[in-house]
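Below is one structure, written out as structure tokens; comments come after it.
In what follows, chains are A, B, ... by sequence order, proteins preceding strands, each numbered from 1.
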Amino acid sequence: MSSVVCELNPIQRHAVETRANNVLVLAGAGSGKTRVLVHRIAWLIENNVSPAHILAVTFTNKAANEMRQRVEQMLGVDLKKIWLGTFHGLAHRFLRLHWREADLPQTFQILDADDQLRLLRRIYKTLAVNEEQYPVKSTQALINDSKERCLRLSHLEHWDAPLIAVYRNYEDICTQSGLVDFAELLLRSYELFQKHAALLRRYHAQFAHILIDEFQDTNVLQYQLIRLLAGESASLMIVGDDDQSIYSWRGANVGNMKSFQRDFAPAQVIRLEQNYRSTAVILQAANAVIAHNADRLGKKLWANGATGDPIVVYNAFNEFTEARYIADQIHKWRDQGKALRDVAVFYRANAQSRVIEEQLMQRGIAYCIYGGLRFFDRAEIRDVLAYLRLTVNAADDVAFERIFNVPTRGLGEATLALVRNYATHHQVSLWIAAQALLEQEQLTARQKNALADFLRLLQGYRQAAVTMPLAQLIEHVIKSSGLDASLRLDQSEAGQLRVENLEELINATHQFASTLDPAEKDQQLKSFLDVAALEGGEDKSTTDDRVQLMTLHAAKGLEFPVVFICGMEEGLFPHAFALKRDVNIEEERRLCYVGMTRAMQQLYFTYAENRRWRGASVLRRPSRFVAELPRELFTCDTLLTAPEPVSFDHVVEPLANAGLKKGQKVKHEDFGVGTVLGVEGEGETLLVKVQFVYAGTKLLSPLYAPLELM
DNA sequence: GAAATGTGTGTTTTT
DNA sequence: CACACATTTC
């Protein structure tokens with residue numbers, strides 16, 4: 001028997017070794033789906049398929065990296081040549097290779113969602129579009145949705161005239177500025193292969209095997225792209241679970257699974273239904289909940305593990321006591337000597353994390369937020385990147401506008417309007433327009449000076465980008481653009497954080513540069529910008545022993561011994577938006593199913609009877625998903641004393657000088673638990689330096705800071 | 001033109 | 001309640 005298949009059950013092995021051309025693997029939660037894919041790739045390579053002939057698509061970059069590592073480990077080979085990544089990553093790779101055929105400038109840049117919105121806002125202003133009638137965000141969604149349904153402007157003649165005007169203007173600016181948005185990456189690739197038959201034939205010859213993970217979350221465009229790439233000859237394996245389809249709001253189309261069986265007939269269907277992850281209790285409960293959905297392909301998961309403990313349902317008085325309960329349970333878990341990294345807290349909306357964070361911090365429980373605001377999405381980081389984008393692509397008007405007066409340099413709306421005006425009339429980029437404007441007499445002396453300084457700065461960066469190593473360049477930009485200086489003026493908590501983020505950016509660049517081939521120096525900056533746009537931020541290292549907080553969506557594909565799902569309330573989960581239509585309720589239920597099936601040993605549902613909503617406390621009803629749990633599978637963990645006594649924990653007497661010495665453990669109202677590093681000064685000027693577990697090092701005055709000894 | 005207020009607004013999930 | 005935006009004041 002081959003070495004790569006010996007740890008598989010018979011059905012998994014069947015999937016790994018199948019010779020069928022078109023295979024649909026219906027893989028239930030925890031049934032070893034990733035394992036099958038990894039083994040399949042390894043098996044193919046062992047059977048003399050060159051890695052270069054394999055195309056493998058995953059849902060996230062993280063999943064792609066993981067898969068690559070696991071196959072490399074298994075085979076002890078370097079998988080440089082395999083085409084493995086997300087749809088967007090792969091599409092981007094096609095466009096970088098074939099920019100000419102795709103009608104793009106070589107220096108094209110990715111326009112991410114945030115910049116896309118900014119651009120649309122600007123267009124709204126120039127075209128004087130009524131935002132009440134056509135909300136910008138809706139327009140943005142409309143544009144992206146139509147691209148993902150393979151529709152170009154020519155197909156959208158039924159749209160209202162203002163929307164068509166906005167879209168046309170948007171496309172013009174993108175073309176002129178060499179910008180490609182997320183959906184455009186896919187659509188361009190699709191059209192590239194449609195238009196260039198010879199190119200397509202080349203890839204047909206190359207991609208003998210195509211594997212796609214999380215197929216239930218692919219959209220129409222992605223499906224069409226795959227159809228095109230597969231052609232007549234490729235052997236396809238798609239893996240998915242219709243019960244875990246949770247991205248229909250983003251255009252994902254579960255129907256693709258049925259379409260596959262039709263378009264690629266005859267397709268072999270393999271069902272992985274044995275769950276290796278969860279206890280029987282958790283699995284039964286998850287099955288019971290998902291059974292309330294009508295539209296399913298049909299699949300029955302069964303467990304072979306222990307029965308396990310009942311699910312714990314906790315009804316809290318409000319969101320504060322809910323968070324406190326979760327923190328208390330995690331505290332107990334840690335006191336048993338268990339690892340924090342084995343615990344996860346899921347919620348429906350990002351905003352819910354704050355209360356929980358506060359409670360965890362109070363108890364000195366280390367946590368990390370998985371997902372959420374990503375590193376490269378922070379405004380200050382994006383400002384730096386905008387400078388860099390301009391050095392690569394001088395026509396990038398979106399970047400130009402972003403930093404035109406950031407940091408403030410005396411160039412306001414009035415000057416920008418002149419530049420824009422010149423640019424539109426002469427059909428040139430803003431940068432060129434600004435240069436031309438300097439030669440003319442329209443500007444005041446002050447405007448002229450400020451603009452000249454700005455352009456000189458940009459010109460300098462352009463040259464620096466050629467001569468300096470990547471990390472040095474970024475540091476140079478941060479320091480000399482004045483971004484750093486202007487952020488340092490802000491003494492607030494948030495301001496300091498932003499300065500730290502810029503420092504972190506320099507660090508990240510050093511690390512990134514070390515992974516690249518130094519010979520291709522001029523490519524480094526471009527690659528860096530591409531990664532920043534496509535991957536958005538680093539995956540938090542899971543090596544740290546921390547509780548993991550994340551949205552239910554972010555939880556897909558992960559597993560944890562202990563899982564809390566909080567905010568189990570009607571209107572929150574299922575979300576109020578979904579309550580309007582029943583189809584959406586089914587997606588919410590699948591989301592619940594995804595969350596539940598992440599748990600290996602212990603699952604908690606918590607909900608609050610009152611929750612603050614727009615300032616006021618509102619009475620809440622428990623989620624229908626709680627009611628769908630079979631009664632014998634859960635116990636209620638409810639405090640006997642109701643209502644909760646009001647906590648006065650935060651009212652703390654100012655600390656006496658005496659107790660504060662090096663090594664002393666203290667607790668701060670906001671920053672949580674920490675250790676005193678040192679004491680400086682005396683009397684009124686007394687300051688303590690405290691290293692907090694979570695909040696970092698702070699200098700505090702014990703006379704005023706809400707500190708207490710522990 | 002740029003800080004400093006004040007007013008209004010709206011809140012899902014994200015490659 | 002918190003944030004983005006508009007208006008006011010310097």
Side-chain angles (χ1 to χ4, degrees), chain A residues 57-64 85-92 110 112-114 116-118 121 125 131-132 135-137 140-141 144 147-148 181-186 213-214 217-219 221-222 245-252 319 346-355 370-374 376-377 379 404-417 444 446-447 450-451 486 489-490 494 531 533-537 539 550-557 567 571-580 584 587-588 590-592 594-595 611-618:
Chain A
V57 192
T58 59
F59 190 67
T60 63
N61 292 297
K62 183 170 179 275
T86 62
F87 272 104
H88 290 92
L90 295 166
H92 173 251
I110 297 165
D112 61 41
D114 186 66
Q116 184 183 41
L117 190 64
R118 289 168 85 96
R121 283 216 174 97
K125 269 188 189 154
E131 216 205 308
E132 305 214 331
V136 197
K137 283 192 175 165
Q140 182 188 25
N144 292 334
K147 286 191 186 190
E148 276 163 4
D181 64 46
F182 276 98
E184 186 73 23
L185 286 172
L186 299 170
D213 197 7
E214 308 280 13
D217 287 324
T218 53
N219 62 37
L221 176 51
Q222 289 165 342
S245 155
I246 55 176
Y247 283 94
S248 76
W249 52 273
R250 213 175 74 185
E319 81 274 15
F346 302 155
Y347 36 81
R348 178 71 234 278
N350 277 309
Q352 287 170 260
S353 74
R354 255 202 28 198
V355 204
Y370 188 95
L373 21 91
R374 295 178 312 180
F376 285 104
D377 285 345
F404 189 65
N405 197 29
V406 176
T408 53
R409 51 170 66 89
L411 292 172
E413 233 4 80
T415 321
L416 184 55
T444 66
R446 262 172 65 182
Q447 286 177 319
L451 192 58
S486 76
L489 288 178
D490 183 356
V531 169
L534 279 172
E535 297 189 23
D539 296 317
M550 66 191 81
T551 64
L552 284 149
H553 282 86
K556 193 177 73 165
L572 191 56
F573 190 35
H575 195 272
F577 278 73
L579 291 172
K580 289 178 195 155
N584 293 335
E587 178 144 322
E588 295 286 305
R590 290 193 291 269
L591 192 56
C592 185
V594 167
R611 187 174 291 272
R612 282 191 98 76
W613 188 252
R614 293 192 194 183
S617 186
V618 178

Kindly say whether A:Phe404 contributes a backbone atom to a donor-acceptor pair with the side chain of A:Arg409 at under 3.5 angstrom? yes

Has the side chain of A:Arg348 got a donor or acceptor atom that lies under 3.5 Å from a matching backbone atom of A:Leu572? no

For A:Trp613 versus A:Val618, what's the shortest heavy-atom pair and its separation? CB-CG2, 3.7 Å

Taking heavy atoms of chain A and a 4.0 Å limit, find me the 5'-most and 3'-most nucleotide of DNA chain C within that range. C:dC1 to C:dC5

Using a strict 4.0 Å threshold on nitrogen-to-oxygen distance, state whether A:Arg250 and A:Glu148 make a salt bridge. no

Is there a donor-acceptor pair under 3.5 Å between the side chain of A:Asn405 and the backbone N or O of A:Leu411? yes

Determine whether the aromatic ring centres of A:Trp249 and A:His553 lie less than 6.0 Å apart. yes

To the nearest 0.5 Å, what is the distance between OG1 (A:Thr58) and CD (A:Glu214)? 9.0 Å

Return the set of residues passing side chain to side chain donor-acceptor pair (under 3.5 Å) with A:Asp112 (not counting sequence neighbours), or none when no residue passes. A:Arg382

Using the P atom as the point on both nucleotides, what is the distance between B:dT12 and C:dC5, in whole Å? 16 Å

Shortest non-hydrogen pair, A:Asp181 vs A:Gln116, comes out as OD2-NE2, 3.5 Å

Contact list (N/O, under 3.5 angstrom) for nucleotides 2-4 of chain B vs protein:
unit_1	atom_1	unit_2	atom_2	d
B:dA2	OP1	A:Gly410	N	2.6
B:dA2	OP2	A:Asn405	ND2	3.0

Atom pairs under 3.5 Å: protein N/O with N/O of nucleotides 10-15 of chain B:
unit_1	atom_1	unit_2	atom_2	d
B:dT11	O4	A:Arg614	NE	2.8
B:dT12	O2	A:Arg348	NH1	2.8
B:dT12	O2	A:Arg348	NH2	2.3
B:dT13	OP1	A:Asn350	N	2.7
B:dT13	OP1	A:Asn350	ND2	3.2
B:dT13	O2	A:Trp249	NE1	3.2
B:dT13	O2	A:Arg348	NH2	2.6
B:dT13	O2	A:His553	NE2	3.3
B:dT14	OP1	A:Thr551	OG1	3.1
B:dT14	OP2	A:Asn350	ND2	3.4
B:dT15	OP2	A:Arg374	NH1	2.7
B:dT15	O4'	A:Arg250	NH1	3.2
B:dT15	O4'	A:Arg250	NH2	3.4
B:dT15	O3'	A:Phe59	O	2.8
B:dT15	O2	A:Arg250	NE	3.4
B:dT15	O2	A:Arg250	NH2	3.2

NA contact type, A:Gln447, heavy-atom cut-off 4.0 Å: base, sugar-phosphate, or nothing? sugar-phosphate

Considering non-hydrogen atoms only, spot the tightest contact between A:Glu535 and A:Asn61 and give its length. CG-ND2, 3.4 Å

In this structure, which stretches of DNA chain B are paired as stems of three or more consecutive Watson-Crick or G-U pairs, both distances less than 3.5 Å? B:1-10 with C:1-10

Heavy-atom closest pair (A:Leu552 atom, A:Val594 atom, distance to 0.1 Å) is O-CG1, 4.4 Å

Between A:Thr551 and A:Phe346, is the side chain to side chain contact (heavy atoms under 4.5 Å, CB included) condition met? List the steps. CA-CA 5 Å; A:Thr551 64; A:Phe346 302 155; over 6 Å; no

Applying side chain to side chain donor-acceptor pair (under 3.5 Å), name anything that partners A:Arg611, two or more places apart in sequence or on another chain. A:Glu322, A:Glu569

